[in-house]
Structures are given as C-alpha cells and as structure tokens.
Amino acid sequence: MLLEVRGLTTRFRTARGELTAVDDVSFCVAAGQTLAIVGESGSGKSVTALSLMQLIPDPPGRITAGEIVFEGQDLLRLDEARMQGIRGDRIAMIFQEPMSSLNPALTVGLQVAEPINVHRKTPWTKALEMATALLERVRIPDAASRLHTYPHQYSGGMRQRTMIAMALACEPRLIIADEPTTALDVTVQAQILDLLKELTRETGAALILITHDLGVVARYADVVAVMYGGRIVEQASAAALYAWPRHPYTRGLLASIPRLDGDAGQRLVPITGQPPDLARLPPGCAFAPRCDRADALCQSTRPALREVAPQHLSAC
C-alpha cells in the first residue's frame, strides 16, 4: 500500500475553544489508484489534504493523533527538513486556486522548473528545458514561448494546467488535488480532470481527488470516502457507493444531484439544516440533527465506521 492514514486527528485553537476539523480519519491509497474525498464545505476535506502534506499552520492548528504512513515511513515522525525533501518530490499537491498559489512576480517557466532544480539538483538551463516539455505535456500551446510569461497572462484553465505541470515535475508517487476545477467552466473542468486521470495512468501515480462534485467522482474515482463533520461516514468503491449508498448523508448527497435520465418534472431533494459546528459537535452522530431516520441512540452514541458489505464501510 502506497499510503496508509490511521486515526488522523487535526485540531485548531479558536476563540470559541478547540475545534476538531479532522476526527479519527483512516483510509488507504494504492499505487495507481484514485481516491475521491467528498462532502460539503467545512466537512474537513481540505484540512485532511493539508495534514497529509504537513502544511497545517501552527498555531492555531496541530495534528494531535494518528499516523500517515507513506512508502513505509510515518511522515508525522519526520522533521521539517526531511518533510521538505518529500513535499513536491514524492508527494505533490495541486491547490484549489492557482492564481493565489502561483507567484505573480515569477515567470511560469521558473516556477515549473524550480522543483526540478531543488529536488533533482538539475542546473537551471536543463530544468527550464524540462519545464517546456512539461508544459507541452499538459497541453499548453506554444509552450517554449509561454515559458517566459507570467501567471496573470494565462487563463484560469491554463493556470491550472501549469499547477499540474509543477506537480508532475519530479514524477511524484502521490498527487493530492484539492478542488482542482473550482471556478472553471464545465468544458475546461472536464479537460483538466481528463488530463489528470490520463497523466496519473501514464505515470502510475496515486491520486487523491478532493471535491464536492459527485458527478466528478462517478467518472474519475476508484474509491470514495464521504466526509461529514470532520469524520469519514462512508467508504466504498465508486460503483458500490452509487449503486448502494448506505449512509443517510451519502443518500442525501446523491438525491440532490440533477439526473439526465430522470423525470423532467422531478424535484431535487435538498438536505435540510446546516453542517455542524466543528467546535460544538454533538456526542452522537454528527448528522443526526439533519437525519430523518435518527433516533435517541443516534443522538447519544457516536456510530463506529464498520464494514456493512465487502470493502464497504458505513458509520450509521
């Protein structure tokens, strides 16, 4: 197994007390596999990704428990210098908003070449040649001339392609993509996701895809983990999750998606209520206040994530 996350817990100190953003999260990712982590905003998806990269700002945040075992070593036991050697090399991350992730004062070529120069000790001249090839690989037209342009001269889709090129620069074993198609139009979204899937298939890299779009999950993911209130509430193969969702929250998410094969007059069914306050999580199931099937036990006892079918886990 390439990555094994066991009991990961991340907390933040706030004026209202300690907030648990990631609560006892466990999952595995095999080489070449795509894991999608889905859920509403505030469910803990992005904090999970930042925890894997050890990019949680301290203060106010800190990882308080768990293990992140990557290629046989626990990343939480590494010092910052050794983690820097892995970050951007063996594990790469594509952030949600490329315009705030790219340096506006540096050319695109320098930013794509930098990981190659830093991690591979490749001279800048050669690194820039490799950066040109990477830009061509992510289908940026006229890559050689665009090497010397700046991020603001690129469209949103081209900036996201540049982020993918940077992530692929050192041929990582694991790529984490945090909402990689946010704010892009649907045509460009499909192009970016097709490109990511194609490139990971070519390189054999594993992909963790963080999204709130279950339509994306159906097309691109092998395994899906559904998060709610900082916890994983259901985990299964994408096929099993869509065919037989077991958790009421997963069913609610699927019921709220427009379907092309349904009745034209069919109304979407929203999930009532609001996501939980992570600083004031209830003692029982975090979804109980919004669940029409909740009983007294749900209100008082936190359900364990257990196997309800082969390789299908649910916390209900």
Side-chain angles (χ1 to χ4, degrees), residues 2-3 5 8 10 12 21-23 25 27 29 33-57 61 63 68 70 75 83 86-103 111-112 115 138 151 156-170 172-186 188-197 199-200 205-217 219-232 235 238 253 275 278:
L2 181 70
L3 175 72
V5 178
L8 180 64
T10 303
F12 290 85
V22 177
D23 191 357
V25 164
F27 58 83
V29 187
Q33 188 179 60
T34 296
L35 167 71
I37 302 178
V38 303
E40 293 169 287
S41 296
S43 61
K45 309 184 301 297
S46 293
V47 177
T48 299
L50 293 172
S51 298
L52 297 181
M53 297 293 285
Q54 292 196 46
L55 292 175
I56 298 295
I63 297 172
I68 303 171
F70 175 71
L75 300 184
M83 190 63 205
I86 292 174
R87 195 186 295 131
D89 182 16
R90 306 298 292 162
I91 306 176
M93 186 163 178
I94 301 167
F95 292 93
Q96 187 172 124
E97 178 43 64
M99 197 58 197
S100 60
S101 303
L102 294 168
N103 189 329
Q111 295 184 68
V112 175
V138 298
M158 288 175 65
R159 284 194 290 265
Q160 196 59 280
R161 289 171 189 270
T162 300
M163 292 292 295
I164 294 171
M166 291 172 64
L168 293 171
C170 293
R173 299 301 302 138
L174 173 65
I175 298 172
I176 302 171
D178 185 7
E179 300 274 10
T181 58
T182 298
L184 301 178
D185 67 59
V186 290
V188 178
Q189 284 182 21
Q191 292 172 355
I192 293 296
L193 291 166
D194 284 338
L195 176 64
L196 259 177
K197 191 68 176 176
L199 293 171
T200 51
L207 174 66
I208 296 178
L209 179 62
I210 294 171
T211 182
H212 61 272
D213 187 340
L214 282 166
V216 165
V217 170
R219 182 170 178 179
Y220 299 99
D222 302 310
V223 178
V224 185
V226 181
M227 288 192 75
Y228 185 82
R231 303 166 183 169
I232 291 179
Q235 185 172 319
L253 289 176
L278 296 179

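Residue indices begin at 1 and follow the sequence shown.
Taking 4.5 Å as the limit, some side-chain heavy atom of Leu50 sits within range of a side-chain heavy atom of Phe95. Considering only heavy atoms from C-beta on, Leu3 stays 4.5 Å or farther from Leu35 through its side chain. By the 4.5 Å heavy-atom criterion applied to side chains, Ser101 and Met166 are not counted as neighbours. Looking only at side-chain heavy atoms (C-beta outward), Ile175 and Ile164 stay at 4.5 Å or farther from each other. Looking only at side-chain heavy atoms (C-beta outward), Val47 and Phe12 come within less than 4.5 Å of each other. The closest side-chain heavy-atom distance from Leu174 to Arg90 is not below 4.5 Å. Contact of the Leu52 side chain with the Ile91 side chain is not registered, since no non-hydrogen atoms from C-beta on lie closer than 4.5 Å. No side-chain heavy atom of Leu8 sits under 4.5 Å from any side-chain heavy atom of Phe27.
Counting all heavy atoms, side chain and backbone alike, Ala36 lies closest to Ala221 at CB-CB, 3.6 Å. Looking at every heavy atom in both residues, Lys197 comes nearest to Tyr220 through NZ-O, 2.9 Å. Closest approach of Leu278 to Ala21, counting heavy atoms only: CD1-CA, 4.0 Å. What you find for Pro151 and Asn103 is that their closest heavy atoms are CG-O, 3.6 Å. A pairwise comparison of heavy atoms in Ile192 and Gly157 identifies CD1-O, 3.8 Å as the closest pair. Taking each heavy atom of Glu40 and Ser43 in turn, the nearest pair found is O-OG, 2.8 Å.
The main-chain N or O of Val223 is never found under 3.5 Å from a side-chain atom of Gln33 such that the two would form a donor-acceptor pair. Remark: the backbone N or O of Leu75 is paired with a side-chain donor or acceptor of Gln54 at under 3.5 angstrom. Judged purely by atom type and a 3.5 angstrom limit, Gln160 uses its side chain to pair as donor or acceptor with the backbone of Pro180.
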Residues Val138, Leu199; criterion side chain to side chain contact (heavy atoms under 4.5 Å, CB included); working and verdict: CA-CA 9 Å; Val138 298; Leu199 293 171; 4.1 Å; yes
Derivation and outcome, salt bridge (Lys or Arg N to Asp or Glu O under 4.0 Å), residues Asp178 and Lys45: CA-CA 8 Å; Asp178 185 7; Lys45 309 184 301 297; over 6 Å; no
Could you go through the side chain to side chain contact (heavy atoms under 4.5 Å, CB included) check for Thr162 and Gln111 one step at a time? CA-CA 9 Å; Thr162 300; Gln111 295 184 68; 5.9 Å; no
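We find the CD1-CD distance between Ile37 and Gln235 to be 8.5 Å, quoted to the nearest 0.5 Å. The structure places OG1 of Thr211 at 7.5 Å from CG of Leu193, a figure rounded to the nearest 0.5 Å. Atom CG of Leu55 sits about 7.5 Å away from atom CE of Met83, to the nearest 0.5 Å. Atom CE of Met163 is separated from atom CG of Leu168 by 11.5 Å, given to the nearest 0.5 angstrom. Between the CD atom of Gln191 and the OG1 atom of Thr181 there is a distance of 12.0 Å, given to the nearest 0.5 Å.
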